[in-house]
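Within every chain, numbering begins at 1; the chains are lettered A, B, ... in the order of the sequence lines, protein sequences first and strands thereafter.
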Amino acid sequence: MPKGTAFDFGRILSDLTGKRVTVTQSSTPFESSKNKAYGVFDVFPERFPALLGADLPLLASLGGALMGMPDALIRSSLSDGEPNDALKDAMHEVLNILSSVLLSEGRPVLRAMELREQRGFLLFSEMTRRPTYQNKFSVTLPGYTGGEMVVITPASRLPDDSL
Amino acid sequence: MELLLVDDSRTMRMLVQRAIRQAGFNGITFIEAENGIDALQKLTTHSPKLILSDWNMPEMSGIDFLRNLRSQNIRIPFGFITSEGSKEIRDLAMHAGADFLLTKPFTPEDVYSSLHPLLEGN
């Protein structure tokens, strides 16, 4: 499966947030259990699923930077449990815009963003119960909390692959 | 002058407004809609000079909204602002009667280049 590159992610996230976002390929295993956010994508025209998992603080940083929110305000919003609606909307938009660099073939369309811990864990488990391609990255941006993210696609595209 | 912004993301509606102002367009009143259905409703009471729309939206997508307008012979200039930038999508948009397609993320300069030919003289 042709993948989006660290360069592609860094470029689009820098353009989006106006910050110098550094993205590097990572070999760190992605911990799916807690404090994560997920974007669920349908990839057209073949219509196979793709999942982008990210540390919740990272996705919140990217959404907050998009809106011009300082890091402290983002952390405060996260400490209340779920991010507030404005931040959630911005995080959703970050995932939407990342769809254009997620893969280098097909047309991923964001179907949903999942922040609930249990549902996110189920999505991850469902996606990885069969062989997958996983493309992992470390992300940093100045003045904000960085983190890890992963793009997961099925190794074989079967009709019942959908999430 | 009124401009209709159609996007289910409140954040993106805000960013588009900011970019249009940064591009140097002043005196614009923004009418906002969350999807194609909402936008059609807004058009019963507003006559915008230009419509800017996202592609993927719940209820009614941007392309269905555009097709609906053109089928009613409503010829208001129409631009897409979307993360969908493939040739296939671009061709669909232009074939349906869009004036331009701007991909996210965009800069004020990108916005200026797309809007200037349509808003020139206003």
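- A:Phe44 and A:Val151 sit in two unconnected hydrophobic clusters of ILVMFWY residues. Membership requires side-chain heavy atoms under 4.5 Å apart, directly or through other members.
- B:Ile28 and B:Ile81 fall within the same hydrophobic cluster, where Ile, Leu, Val, Met, Phe, Trp and Tyr residues are linked whenever their side-chain heavy atoms come under 4.5 Å apart, directly or through other members.
- Heavy-atom neighbours of A:Phe121 CZ from other residues, nucleotides or ligands within 6.0 Å: at or below the threshold of 12.
- Within a 6.0 Å radius of OH in B:Tyr112, no more than 12 heavy atoms belonging to other residues, nucleotides or ligands are found.
- Residue A:Leu66 touches chain B through both its backbone and its side chain, counting heavy-atom pairs closer than 4.5 Å.
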Table up the donor-acceptor pairs between chain B and chain A that sit under 3.5 Å, atom names plus distance.
unit_1, atom_1, unit_2, atom_2, d
B:Ser9, OG, A:Asp89, OD2, 3.0
B:Ser9, OG, A:Glu93, OE1, 3.3
B:Arg10, N, A:Asp89, OD2, 3.0
B:Thr11, N, A:Asp89, OD2, 2.6
B:Thr11, OG1, A:Asp89, OD2, 2.6
B:Thr11, OG1, A:Ala90, N, 3.3
B:Ser83, OG, A:Asn96, O, 3.4
B:Ser83, OG, A:Asn96, OD1, 3.3
B:Glu84, OE1, A:Arg107, NH1, 2.8
B:Glu84, OE2, A:Arg107, NH1, 2.9
B:Lys104, NZ, A:Glu93, OE2, 2.8

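- Hydrophobic clustering (side-chain heavy atoms under 4.5 Å, transitive across Ile, Leu, Val, Met, Phe, Trp, Tyr) groups A:Leu16 together with B:Leu52.
- B:Leu50 and B:Val16 fall within the same hydrophobic cluster, defined by Ile, Leu, Val, Met, Phe, Trp and Tyr side-chain heavy atoms under 4.5 Å apart, directly or through other members.
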